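Below is one structure, written out as structure tokens; comments come after it.
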Amino acid sequence: MKVLVVGSGAREHALVRGLLRDPGVTETVAAPGNAGMAADVTTHPLDVTDPAAIARLAATLGVDLVVVGAEGPLVLGAADAVRAAGIACFGPSAAAAQLEGSKAFAKDVMAAAGVPTSQARICTTLQQCEDAFDDLGAPYVVKDDGLAGGKGVLVTDDWPAAVAHAAACLAKPQGRVVVEEFLPGPEVSLFCLTDGVTVVPLQPAQDFKRLHDGDLGPNTGGMGAYSPLDWAPADLVDEVVTRVVRPTVEELARRGTPFCGVVYAGLALTPRGLRVIEFNARFGDPETQVVLARLRSPLGALLYAAATGTLAAVPEPEWSEQVAVCVVVAAANYPETPRTGDEVGGLGAAGRTPGATVLHAGTAHAGDKVVSVGGRVLSVVGTGPDLAAARAAAYAAVGEIDLPGSQHRTDIARSAELGEVRVPPAPLG
Ligand code: AMP
Ligand code: GLY
């Protein structure tokens, strides 16, 4: 089987590495890729915002499967175009990708499917937003309805800041704002593979969305992750599949827009029980880097089965006992206006750190140098028998990286290592 991975982030680099470990995959290629992916496989230039170009490249290369990494191309119809060309694609249609593309659509699907989520008001005027802030109370959760790369969400106690963010979102063409009830409690990301009928959960992970230590600073695409979650209730995965993902997949099929690919459930474990914070229609970044580091089953076989309606026939995924921690190294000024063009040094030493793997995101070759070309530049993954060892490996490798002005969090997985993550007791019934 020959597989094309579409994208250029560390998530896609992790997918490439996973496919290279699958003996059933004879060739992996990537487009457009980055400096790290280009060192592992052949990469091809590609405009990922052009679905027809993706389908043409897949046909020209004669691949058996296309794996689309990011939500942008999916919402634009990348999977529809690839499937129309007669090639299997891991990723939902544009219609099903609305599960991520529109928070209002996701809320509607959850309401129809009886999936537990926050109360929300969909607003098209500032007055409606202010009424919703009054109704739902502080902290105010203000979300841009459309895609915003994880940066469209503001959670604040500050009324003027909430109003200003709402106004900025409304000012966009067709701007809509979702105001939500605040959900307290630890967050979990669970990825479930689906072919539209069968649902196969992977292992849960936790993501660190804020830029600075202590969960301070602005929301980002994600600054780090770890898996597994030793503090999570033993029945968490079953509960999420039964109460959240299966009903959602069934509701999408009932609407005539079956979902094929990965449903990413972003969840809060609140004192009132499990609640969905958001759905994404693709693998999470950086959670994928830690989840795939622990996958022992052939990745290509799972993704191909999801893409071709045969997931029920594939054995359940097997997992390593190891723990994985990912620390993101971001450019200066990320997430606002990341500085690019800095040389990324120390990659060799970082890569030789025992227990560590360096995955590339916003990197490119400039002559014989590697330079930064994006906000999140590297994902450094450490593995080990426990969180302390995995964190030590990841941070030792991060310490070798020399990127002027770079930013990373120093507390990824620290409260879990210290046993300080508290799950509220489950409510009765
Ligand atoms: P989203 O893009 O919807 O995942 O939101 C980004 C981050 O904002 C989430 O991972 C949470 O940390 C936070 N967030 C979003 N919605 C809520 C909510 N209703 N209650 C509490 N935190 C939230
Ligand atoms: N890690 C968050 C995301 O992928 O959206």
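Computed from a predicted structure; not experimentally measured. What's counted below: heavy atoms across the whole structure, side chains too, no hydrogens, waters or symmetry copies. Indexing begins at 1, ligand by ligand and atom by atom, following the structure's order.
Between V142 and H165, the closest heavy-atom pair is O-CD2, 3.6 Å.
Taking the six-membered ring where tryptophan is involved, the planes of F133 and W159 are perpendicular, since the angle between them exceeds 60° and thus also 30°. Taking the six-membered ring for Trp and thresholds of 30 and 60 degrees, Y395 and H408 have ring planes inclined between 30 and 60 degrees apart.
Close approach of ligand 1 to F182 is summarised as follows: ligand atoms under 4.0 Å from at least one heavy atom of the residue are 20 (N), 21 (C). Here is the list of ligand 2 atoms found below 4.0 Å of a heavy atom in D207: 1 (N), 2 (C). Heavy-atom proximity to Y264, at under 4.0 Å, picks out these atoms of ligand 2: 1 (N), 2 (C), 3 (C), 4 (O), 5 (O). Against a heavy-atom cut-off of under 4.0 Å, N280 is close to the following atoms of ligand 2: 5 (O). Listed by number with element, the atoms of ligand 1 under 4.0 angstrom from any heavy atom of N219 are 7 (C), 8 (O). Near K209, meaning under 4.0 Å from any of its heavy atoms, are these atoms of ligand 2: 2 (C). Against a heavy-atom cut-off of under 4.0 Å, E180 is close to the following atoms of ligand 1: 16 (N), 18 (C), 19 (N). Close approach to G284 involves these atoms of ligand 2, each under 4.0 Å from a residue heavy atom: 4 (O). Here is the list of ligand 1 atoms found below 4.0 Å of a heavy atom in K103: 2 (O), 3 (O). Near G221, meaning under 4.0 Å from any of its heavy atoms, are these atoms of ligand 2: 1 (N), 2 (C), 3 (C).
Nearest residue to atom 12 (O) of ligand 1 from K209, E187, R275 is E187 (criterion: closest heavy atom). Which of K143, E278, E100 comes nearest to atom 15 (C) of ligand 1 through a heavy atom is settled by distance: it is K143. Nearest-heavy-atom check against atom 5 (O) of ligand 1 across D215, V153, L183, L267 picks out V153. Residue R282 holds the heavy atom nearest to atom 4 (O) of ligand 2 of all those in R282, R11, E287.
Heavy-atom neighbours of E420 CD from other residues, nucleotides or ligands within 6.0 Å: above the threshold of 12.
A side chain to side chain donor-acceptor pair (under 3.5 Å) check over residues 169-181, counting only residues at least two apart or in different chains, returns the pairs S118-E180, K143-E180, D144-K172, D145-R176, E181-R272.
Backbone and side-chain nitrogen or oxygen atoms of E278 are examined, and none is located within less than 3.5 angstrom of a nitrogen or oxygen of ligand 2.
D386 places a side-chain N or O within donor-acceptor distance of the main-chain N or O of A389, the cut-off being under 3.5 Å.
Using modelled atom types, one finds no donor on one side chain facing an acceptor on the other under 3.5 Å when comparing E100 with Y264. With hydrogens and angles left out, the side-chain atoms of S227 and Q203 include no donor and acceptor closer than 3.5 Å. Counted by atom type alone, Q128 and T124 present one or more donor-acceptor pairs between their side chains at under 3.5 Å.
Under the 4.0 angstrom criterion for non-hydrogen atoms, S189 is not in contact with ligand 2. Remark: distances from the non-hydrogen atoms of G222 to ligand 2 are all 4.0 Å or more. Using a 4.0 angstrom heavy-atom cutoff, E181 counts as in contact with ligand 1. Heavy-atom distances between P286 and ligand 2 reach below 4.0 Å in at least one pair.
For A94, the side chain to side chain contact (heavy atoms under 4.5 Å, CB included) test picks out D80, with sequence neighbours left out.
Judged by the 6.0 Å distance and 45° axis criteria, R254 is not positioned over the aromatic ring of F259.
Proximity of F283 to ligand 2, defined as any heavy-atom pair under 4.0 Å, is not found for any part of the residue.
Residue S379 forms a side-chain hydrogen bond (donor to acceptor under 3.5 Å, both in side chains) with just one option from Q289, R11, H13, and that option is Q289.
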